[in-house]
Amino acid sequence: MPKELAKVYKPSEFEKDVYQMWLDRKYFHAEPDSSKKPFTIVIPPPNVTGQLHMGHALDETLQDILIRYKRMQGYNALWIPGTDHAGIATQIKVEQVLREEEGLSRYDLGREKFLERVWDWKTHYGDRIVNQLKKLGSSCDWDRERFTMDEGCSKAVKEVFVNLYNKGLIYRGNRIINWCPKCVTALSDAEVEYSEDEGFFWHIRYPVKDSENEFVEIATTRPETMLGDSAVAVNPNDARYTHLVGKTLILPLVDREIPVVADDYVDMGFGTGCVKITPCHDPNDFEVGKRHNLEEILVLDDNAKVNENGGKYVGLDRYEAREKIVRDLDAGGYLVKVVPHSHNVGKCYRCGTTVEPIASKQWFVKMKPLAKRAIEAVKTKETEFVPDRFQKIYLNWMENVRDWCISRQLWWGHRIPAYYCGDCSHMEISKTDVDTCPKCGSKNITQEEDVLDTWFSSALWPFSTLGWPEKTKELEYFYPTSVLVTGYDIIFFWVARMMFSGLEHTGHAPFKHVLIHGLVRDSQGRKMSKSLGNGIDPLEIIDKYGADALRFTLATGNAPGNDMRFHTERVEASRNFANKVWNAARFILMYAQSEDHADYKVDMSALEDEDKWIIHGCNRLAREVTENLDKFEIGMALQKLYDFIYDSFCDWYIELVKPRLYEGGDTAQKALSVLVTVFSSVLRMLHPFMPFITEEIWQAMPVEGESVMIAPYPAFDSSISFESECEKMNDIMETITAIRNRRAEMNVPMSKKAKLFIDSHSAHGFRDSEKFYEKLAGASEVVFGKCKEDGAVEIITHAANLYIPFAELVNLDEERARLTKELDKAKSELARVKGKLANEGFVSKAPAALIEAERGKLAKYETLVETITKSLENL
RNA sequence: GAAGGCGUAGCUCAGCUGGUUAGAGUACCUGCUUGACAUGCAGGGGGUCGGUGGUUCAAGUCCACUCGUCUUCACCA
């Protein structure tokens, strides 16, 4: 029993049921099947405790469009959903709640108890985002939902860690890393964001030892780090300072003796040409320190307070220490000047705190060898970026990448599988738990406290979700995946790391294409953010306008890879389009009473011109839409669908066919067969973009197949070619438009029945379309008049939007003025076309079809000028 | 410092490998409560496609320079 369509389009009343039906029928589930080609997408896993925002909505919409399209095309389409444990973000959130509600810190609870709390949190909020994804219509295979910390993913993480370690690609070392004193953890380079801050250059002079009134002047933006200075460096070619190299300086306030060293790193032209070297608090200084064997003095602790190496400044926060040190330097006569200076300061991407470069013992992934293959894979087009400009960004990063700091001083995450023997200090790296030292047999074993960067597990997502390291049939069949859809903001965080991980561990790039989209901004172009409070909740939009309208909005209106501004007005427009589709369906259903789709099979041999025209247009649309989608031009494909449905199908075809439907009988049945058939194609083409409404309508239409989402996607049929009929129809439509314009000009009111005398030049389209008039004339209550001697035609029609006006009295002066204006216009067009055809270059070099078209126009304008001239004379 | 995006109608933006008279949505104006749809219908005004120069028979589209704007990456203490 087919569904009845409600009178008014209210998406909230059926979207949920439609989704449930898909779930019940298991349409989303995919199993390896060698008879079909796979098409695989893995979802960029949202934060498990996160909430759906517009960025997700865009990302999921694009993926769902592709996956539904390919599924309908007969691919074995699999979309793997899942969530990410999001180390820092989640831990911070749970700590915050713990502090607010119970006044406790994670240390109060201890590691084990705290992690229990996080898991509780995860189970409580873990379904929220998944349910939100469902509201969007995402056709993910929920049977295969994964989590970056589930058993399988954890196994993959350990496997990868051990593999890389054994290959020498993971090492533990003391290096300068970015330290966030608020999150109390190390960060990778990618996790630091830079912004310009107003600061100062403090010029300080360091006295030369055993030398009266001899100083070296240095400049620094972070005077507090002088506590950890172990040298001053100058350029070896700097004549100003060569005499100082090898001498000893006295570090003010600290009274430590430090050497002057020569190093190429120093830029002679910058500042004073002398650089204080603080190996433990600056990456460059660290390198200089290594080269010159300098002492490494760490002066800040984990909270960025001065530690025991800071003498009398111990315990002071870094900024308090700065203030006090500057004051003391000034008092001691060491401060030469203070110069305002703006410079880039690194901030933690999670909390915004200024990060501190600190020498610390951390775990690293050696990037150079891994990056090499990741670069090759893109250069050889094993993986392609869409749009391709993002390839450049990727390559640029990959080519300059530094080793990846993967250890985090957090509790929530994959604990590093390194085990230390308390007795023989042996370190064992192992996929399985270690409780006995393999070297000395001691049971005094402790596991590494640190966890891995969240992105370490995300990097494995395309294959860990398919069962790797097991050789599952899913991995065999669905991997490498087809396309990865994500925003340009995580190319470094995620895409790059998946690339080298996939290549290293599976031997394949993890995906064929990377479809990059932009950010969704607010209507003023600002980033949507919690702190600005300018975020628009996709769920509210869905409740009000429907998921289809939101999807339509997100999928159109901006070029691939560009940011888009979100305007609610655009969602309204999208909803109105959905309403249009809905009502077109209701109109067809008013006349299509049979429930048997076989009753609407089109007989190609017995069609009217307008039937052929719409069938031809629909067929061409199928070709263009598939071409666009195959090139990931999603917005373009949808725009074409919109134009066809709104303009060709609703505004023209339905109106043209109304007289036939009113008449009934054979001609009506023929029209209905075309209406149903074309509309069925349209629904299928539109389905990936607007799944809910197309399904709801499908269920009510006499069409073949139990669901639109498993119906075949329309393919181009090269045997359909109605060029001449289309040309004729174009003429007819042009004339009808001209008639409409006449009515408006003459200010003739519309009425149900109307009558018009068309002057001869307006009627030129009609003259070739005798049949069309007969059709109109065949409708009930329609009066049809033949061409009168003066060239006028009298027409009456019922078609609502083809109202043709009644006008018997024409003001001769006005008519003359109008015709003169039209004649001028026609003449100038004629001149333009003539000029073009007289151009030798054009005639010899332009494509033949184009020249042919121009010749056609020439003839057309020549006749037009002729007929208008005649009409004028007849007045 | 390097790379890249953007600049097209009042506003938000499309415009693929150069090719009919540069489009859409929205806003505005005019006229329509017609038997799918006022979440609608018909029509209209509004653009020298940031500027200059070049290539070409042909440039919004390609090239050079330039102005404005935004972003990313790298940064010298």
*How many Å lie between CG on A:Asn579 and C1' on B:G40, as a whole number?*
8 Å
*Please identify each residue that fulfils ring-ring contact (aromatic ring centres under 6.0 Å, His included) with A:Trp582, with sequence neighbours left out.*
A:Tyr9, A:Phe14
*Mind listing the residues from residues 518-526 of chain A sitting with a heavy atom below 4.0 Å of RNA chain B? Number order is fine.*
none
*Could you state the atom-to-atom distance from CG of A:Asp647 to C1' of B:A42 in whole Å?*
13 Å
*asked:* What is the distance, to the nearest angstrom, from the NZ atom on A:Lys544 to the P atom on B:U39?
replied: 13 Å
_Could you work out, with ring-ring contact (aromatic ring centres under 6.0 Å, His included) as the rule, every residue matching A:Phe644, not counting sequence neighbours?_
none
*Would you please name every residue forming a ring-ring contact (aromatic ring centres under 6.0 Å, His included) with A:Phe390, sequence neighbours left out?*
none
_Reading 5' to 3' and counting Watson-Crick or G-U wobble pairs with both distances under 3.5 Å, write the dot-bracket notation for RNA chain B, | for bases paired outside the strand._
(((((((..((((.....[...)))).(((((.......))))).....(((((..]....))))))))))))....
*Pairs where residues 559-579 of chain A contributes a residue and the test ring-ring contact (aromatic ring centres under 6.0 Å, His included) is met, not counting sequence neighbours*: A:Phe552-A:Phe577, A:Phe577-A:Tyr642
_All ring-ring contact (aromatic ring centres under 6.0 Å, His included) counterparts of A:Tyr488, not counting sequence neighbours_ = none
*Only counting residues at least two apart or in another chain, list the ones meeting side chain to side chain contact (heavy atoms under 4.5 Å, CB included) with A:Glu633.*
A:Asn628, A:Lys631, A:Met636
*In whole angstrom, give the distance that lies between atom NZ of A:Lys580 and atom C1' of B:G25.*
15 Å
*Only counting residues at least two apart or in another chain, list the ones meeting salt bridge (charged side-chain N to carboxylate O under 4.0 Å, His left out) with A:Glu399.*
A:Lys379
*Establish, from distance only, whether the side-chain atoms of A:Lys276 and A:Thr225 form a donor-acceptor pair under 3.5 Å.*
yes
_Using a 4.0 Å heavy-atom cut-off to protein, can you give one letter per nucleotide of nucleotides 13-20 of chain B, 5' to 3': B if the base is in contact, S if only the sugar-phosphate is, - if neither?_
SSSB--BB
*What residues, two or more places apart in sequence or in another chain, satisfy salt bridge (charged side-chain N to carboxylate O under 4.0 Å, His left out) together with A:Arg402?*
A:Asp189
*Which residues within residues 220-238 of chain A lie with some heavy atom under 4.0 Å of an atom in RNA chain B?*
A:Thr220, A:Thr221
